[in-house]
Amino acid sequence: MALKLAIASILGYNKNMIYTIGYAGADINRFVQILQDKQIDILIDVRSIPKSKYFCQFDNTSLSKTLMNVKIKYQNWSYEFGAKQYRLDFYADGIFDYEKFAKSQQFLKGVEKIKDLVNQNKNICLMCAEIDPIICHRAILIGKELFARGLELEHIIAKRNGETLLENQKDFEKRLMFTTKINNLSEAYRKQNKKNRLQTNLIISWSVKFKVNHIV
């Protein structure tokens, strides 16, 4: 089964839709243009550490100023939605457990804040680093929980070759089950959660050993 992503026009928008995007596939000008085409009101940064060594224009301070110039608000929700948290009870066998965190008061507070913004007709976009949402908690954690509560999501996939794809959460879940080779959706999410976090831990361990800044 070949990966099928609906190639949709980046023009136009849906005020009832929550968008997500990973910045690593676009330079700052293209990134801003995508947000403007979608008429985004608020960009919500879901990185635990809103900094980047290799994409410095996406540091929180720089990005906030850039977006302010085009009348898009920038907010960082690392407390509510960040995939690195300090509480040990959010971890199982050394891996950040998305299911545990999704039941926490701080995450649920974030969900309520999202609902309030949608009810205010704010057009919002969640931002993290990874190009493909399948390796990012914006879909595996946040998208999963928002979609389960009846909210619509569409992932903007800005590829480095200049192509822009759109994938809604329903199609994403189909791809997730195909990728993990698990027909049970909950189990597919768990497997991908573990895979993503293990890969992150390996990157962090390698970075510490060789004194490399792993923040993307």
Side-chain angles (χ1 to χ4, degrees), residues 1-47 49-77 81 83 122-143 146-147 152-176 178-179 192 195-196 199-200 203 212-216:
M1 175 182 174
L3 168 61
K4 293 183 178 180
L5 293 174
I7 301 177
S9 171
I10 202 66
L11 297 175
Y13 67 100
N14 181 345
K15 277 289 185 182
N16 295 317
M17 184 72 69
I18 297 169
Y19 296 96
T20 85
I21 191 169
Y23 64 77
D27 62 31
I28 189 63
N29 292 327
R30 180 178 170 218
F31 181 85
V32 170
Q33 188 60 59
I34 290 172
L35 298 184
Q36 288 181 304
D37 288 342
K38 284 296 182 183
Q39 300 193 26
I40 299 300
D41 299 309
I42 304 172
L43 181 77
I44 299 173
D45 187 345
V46 298
R47 294 175 294 175
I49 304 172
K51 302 289 183 182
S52 175
K53 177 180 179 180
Y54 302 105
F55 301 89
C56 59
Q57 290 175 310
F58 292 94
D59 282 359
N60 55 339
T61 303
S62 178
L63 183 58
S64 177
K65 290 179 180 178
T66 299
L67 295 179
M68 187 184 302
N69 291 333
V70 292
K71 296 181 171 54
I72 297 175
K73 292 183 180 179
Y74 168 90
Q75 297 178 1
N76 177 254
W77 289 20
F81 288 157
K122 297 297 183 182
N123 202 25
I124 60 179
C125 183
L126 309 178
M127 184 199 78
C128 202
E130 292 82 0
I131 297 172
D132 189 345
I134 207 165
I135 59 172
C136 184
H137 78 293
R138 72 181 187 271
I140 298 296
L141 168 60
I142 307 168
L146 295 179
F147 189 57
E152 294 296 322
L153 288 98
E154 194 158 66
H155 305 291
I156 302 169
I157 305 174
K159 301 175 73 173
R160 290 194 178 103
N161 64 3
E163 187 178 26
T164 303
L165 308 177
L166 300 176
E167 181 180 46
N168 62 42
Q169 189 72 17
K170 185 175 181 179
D171 288 338
F172 168 82
E173 291 184 339
K174 293 177 182 177
R175 179 161 71 97
L176 177 66
F178 172 75
T179 301
Q192 193 65 34
K195 179 180 179 181
N196 289 353
Q199 288 177 337
T200 299
I203 292 172
V212 175
N213 188 331
H214 67 274
I215 301 171
V216 295

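No experiment lies behind these values; they were computed from the predicted model shown.
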* To do: Give a yes or no answer on whether the side chain of D27 reaches the backbone of N29 with a donor-acceptor pair at less than 3.5 Å.
  => yes

CD (Q75) and OG (S64) are apart, to the nearest 0.5 Å, by 10.0 Å

| query | Is any side-chain heavy atom of Q169 less than 4.5 Å from a side-chain heavy atom of H155? | reply | yes

- Side chains of I124 and D41 in contact at under 4.5 Å (non-hydrogen atoms): no

Item checked: Stepwise side-chain hydrogen bond (donor to acceptor under 3.5 Å, both in side chains) test for N60 and Y74 -> CA-CA 8 Å; N60 55 339; Y74 168 90; 4.9 Å; no

With a 4.5 Å heavy-atom cut-off, do I40 and I34 have their side chains touching? no

Quiz item: Is any side-chain heavy atom of L166 closer than 4.5 Å to a side-chain heavy atom of M17?
Solution: no

Margin query: Using side-chain heavy atoms (C-beta onward) and a distance below 4.5 Å, is E167 in contact with I134?
Written below: no

| message | Any non-hydrogen side-chain atom of F147 less than 4.5 Å from a side-chain atom of E173? | response | yes

Q.
Does the plane of the ring in F58 sit parallel, tilted or perpendicular to the ring in F55? Use 30° and 60° as the thresholds.
A. perpendicular

Applying side chain to side chain donor-acceptor pair (under 3.5 Å) to Q33 and not counting sequence neighbours gives D37

When you compare the side chain of L43 with that of Y23, does any pair of heavy atoms fall below 4.5 Å?
no

One should read off an interatomic distance between C136 SG and Q192 CD, to the nearest 0.5 angstrom, of 11.0 Å

Check: Going by heavy atoms in the side chains, are P50 and M127 under 4.5 Å from each other?
Finding: no

Output for pair (I157 CD1, I131 CD1), nearest 0.5 Å, gives 9.5 Å

